[in-house]
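See below for the structure under consideration.
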Amino acid sequence: MINWRVILSISRTHLLTRIKQTAIAALGVTFGIGTFIILVSFMTGLNGLLDGLILDRTPHVHIYNEIKPSEKQPVDLYEKIKNSFTKVRSIKPKLTQRKIHNALPLMDQLNNDSRVKGAIPQLQAQMFYISGSIELGGNLVGIDVLEEVRLFNFGQYVVKGSPEALDNLDNGILIGAGVAKKMSLDVGNTVQISTVRGDLFPLKIVGIYQSGLAELDNVQSFANLKTTQRILGEPRNYFTDINVKLHDIEDAVPMAKQIEKQFDLTAVDIKTANAQFETGTSIRNLITYAVSITLLIVAGFGIYNILNMLIYEKMNDIAILKATGFSGRDVKYIFISQAILIGLVGGILGLLIGYGISVVIDNLPFETEALPTIKTFPVNYNPGYYIIGITFAMVSTFLAGYLPARKAQKIDPVEIIRGQ
Amino acid sequence: MGIENILEAREINKYFREPVLFHVLKDISFGIKNGEFVSIMGKSGCGKSTLLYILSTMDTDYEGELFLNGKKITGKHHEDLAKIRNQNIGFVFQFHYLLSEFTVLENVMLPAKKLGLKSLQEIEHDAMEKLKLLHIDDQAKKLASRISGGQKQRVAIARALINDPAIIMGDEPTGNLDSHNSENVMDIFKALAQERNLSLLIVTHDTDFAEKTDRIIEMGDGRILSS
Ligand SMILES: Nc1ncnc2c1ncn2[C@@H]1O[C@H](COP(=O)(O)OP(=O)(O)OP(=O)(O)O)[C@@H](O)[C@H]1O
Ligand SMILES: [Mg+2]
């Protein structure tokens with residue numbers, strides 16, 4: 001039977017009578033855990049921000065018709081040389097339209113698929129912005145703006161004006177921030193658009209779009225799908241891309257494969273599109289954990305050291321306790337409980353300090369041209385990290401305390417008493 | 001009463017192997033009866049302390065057999081021996097041994113807290129009683145490191161008494177006391193032996209002290225010369 005009341009009262013006395021060393025040991029843990037919380041909150045906050053920036057608006061499956069050479073060249077169809085080696089020089093891409101064939105059945109199939117949260121068509125077209133005598137190359141994307149807002153957070157990137165205004169106005173345009181700046185345009189102005197064929201259209205600017213990626217903002221603008229189709233002189237079933245958002249991102253790969261096979265189109269899933277992005281995320285996580293674990297190991301060595309010293313100082317006490325009937329196990333628990341108390345107090349303090357500094361970071365202004373929607377540093381307050389932090393503090397202090405405590409357990413009281 | 005052996009040693013032999021093989025205790029056999037007050041005398045270095053460590057169950061590295069209350073305790077597990085020590089054996093060291101960071105009262109209370117049979121109030125009350133017995137109840141609230149050597153020794157005796165053990169072993173418990181306090185301890189021991197049937201086994205160099213005990217065991221060169 002272990003009498004915890006006595007054991008804890010002894011270890012408390014030990015800790016309190018050497019409050020300075022106790023405090024230093026606990027502060028080591030506090031430092032390690034606090035740094036872990038700050039690092040992990042900030043790093044995962046940053047990851048979340050970048051995820052939002054790129055993954056949120058990346059379709060889970062992007063379907064389009066890629067201009068490429070035919071897989072089977074005419075010579076392959078010629079029976080007589082079937083078994084011989086053929087060589088075709090300067091292959092050209094097949095003459096075809098960029099539009100998606102069979103677009104309406106494909107849309108139907110996607111919208112009836114239970115895995116799909118939404119599938120929305122886009123029409124991408126080359127065109128020029130006309131400013132006086134200057135023609136500025138660009139890109140007009142015809143979109144279903146309300147669906148874009150619903151599925152891809154489109155509204156976040158409209159920094160001036162509103163996406164709804166585009167929906168309301170037939171000849172409206174959401175113009176890229178870079179374009180607007182170059183041409184000194186603002187909401188309410190009219191911009192002339194010239195198609196590749198040379199037709200001119202005036203469009204009214206209802207908002208400014210800023211993604212944060214300069215190469216997009218300098219060329220891209222958005223109009224209604226219908227408006228774009230009208231400008232290009234194409235029918236209602238003409239569009240070049242379908243963006244699909246799924247309920248579960250894991251379905252992206254099989255679905256992309258299935259569509260490619262079934263419809264002879266190119267379908268890119270989000271995993272393939274963002275492979276290098278995920279690598280970045282996992283490396284940031286790795287750095288966070290590596291730094292935190294290093295700090296905690298250092299703190300653990302501090303505790304190990306202090307308890308080791310304590311046990312040397314307390315040889316007499318250990319001998320007396322054993323002589324008066326405390327067992328080796330009792331003595332071991334006396335020292336382990338000291339380590340755990342140090343870990344608990346230091347760890348909780350570390351969580352509090354980590355949380356406090358996270359709040360401070362969260363409120364620091366962080367404004368950058370590249371991230372129009374961000375006003376302060378991103379911080380992730382996931383309680384899971386606090387649980388990991390305190391668990392790690394307890395485990396590492398337990399391990400640091402265990403070895404010296406084992407030594408105390410094995411001390412032979414006779415040797416100590418005789419040594420006097 | 002007084003016929004049963006509370007403690008019995010049979011053919012105890014002990015060797016020290018470091019630095020050279022040294023046969024320190026040779027064929028030690030004797031018994032202590034209930035309520036008997038026994039003293040051990042002998043030249044310095046003859047093995048008195050070594051014997052006492054074995055009898056108190058702290059040292060388990062010996063040959064022979066040891067019985068407490070008729071039960072064999074030789075070969076028992078460390079944890080069990082600690083329990084036996086806690087409950088049945090009060091030990092007073094040759095040098096005063098107290099936990100210096102605790103108060104005098106806490107030092108006396110600790111073995112009882114470990115035993116865990118009584119409430120905290122009862123333990124505190126008992127501890128004060130034992131301190132009064134040794135005339136140092138006025139020091140109860142002081143830190144153990146802040147009292148004199150003689151006072152420490154009396155606190156150690158009070159601590160040995162706290163669990164009302166069957167036997168008290170003392171390694172020169174009066175070595176640091178003046179004659180007045182030494183006599184007081186002697187009186188307390190005698191009273192305890194007579195009134196509470198407590199057995200005592202006390203190592204001493206003080207012939208006057210030894211002559212007042214029921215029996216003197218003479219040791220020399222690791223053997224019992226007379227008892
Ligand atoms: N750890 C040890 N290793 C080797 N020899 C030891 C050890 N401890 C004690 N001895 C020897 O054992 C003998 C008995 O020692 P012990 O301490 O029992 O003597 P003692 O009778 O108590 O003497 P004193 O009256 O001075 O206290 C001594 O000769 C001592 O040198
Ligand atoms: Mg001795």
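Please read all numbers here as calculations on a predicted model, not as lab measurements. Convention: sequence-line order gives letters A, B, ...; per-chain numbering from 1. FYI, side chains are in, hydrogens and waters are out, and symmetry mates aren't considered; it's all heavy atoms of this structure.
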Taking B/Asn107, B/Asn86, B/Leu120 one by one, which has the highest count of heavy-atom pairs under 4.5 Å against chain A? B/Asn86
For the candidates A/Lys322, A/Arg5, A/Arg18, which exhibits the highest count of non-hydrogen atom pairs separated by less than 4.5 Å from chain B? A/Lys322
Centre of B/Phe67's six-membered ring, under 6.0 Å away, within 45 degrees of the axis: is that where NZ or CZ of B/Arg10 sits? yes
Flag the one option from B/Lys113, B/Glu101, B/Met58 with the top tally of heavy-atom pairs under 4.5 Å to chain A. B/Glu101
A/Phe335 and A/Tyr402: aromatic ring centres closer than 6.0 Å? no
When rounded to the nearest 0.5 Å, the distance separating OG1 of A/Thr22 from CG of A/Leu310 is 8.0 Å
Taking every heavy-atom pair that is under 4.5 Å apart, which of A/Ser327, A/Pro413, A/Gly328 has the most such pairs with chain B? A/Ser327
Taking it one step at a time, do B/Asn88 and B/Asn69 satisfy side-chain hydrogen bond (donor to acceptor under 3.5 Å, both in side chains)? CA-CA 9 Å; B/Asn88 299 311; B/Asn69 270 328; 4.8 Å; no
Heavy-atom pairs under 4.5 Å with chain A, option from B/Ile89, B/Asp59, B/Leu110 with the top count: B/Leu110
Name the region of B/Thr57, side chain, backbone, both or neither, that has any atom closer than 4.5 Å to a heavy atom of chain A. neither
Is the distance between the ring centroids of A/Phe42 and A/Phe377 less than 6.0 Å? yes
Under the side-chain hydrogen bond (donor to acceptor under 3.5 Å, both in side chains) rule, what pairs show up with a residue in residues 29-46 of chain A, not counting sequence neighbours? A/Thr44-A/Asn380
Is it the backbone or the side chain of A/Thr17 that comes under 4.5 Å from a heavy atom of chain B, or both, or neither? side chain
Ring pair (Phe, Tyr, Trp, His ring centres under 6.0 Å) assessment of A/Tyr355 paired with A/Tyr381: CA-CA 8 Å; A/Tyr355 177 76; A/Tyr381 293 102; 5.7 Å; yes
Heavy-atom distance under 4.5 Å to chain B: side chain of A/Ile7, backbone, both or neither? neither
I'd like to verify something: which residue of B/Arg85, B/Gln87, B/His78 has the highest number of heavy-atom pairs under 4.5 Å with chain A? B/Arg85
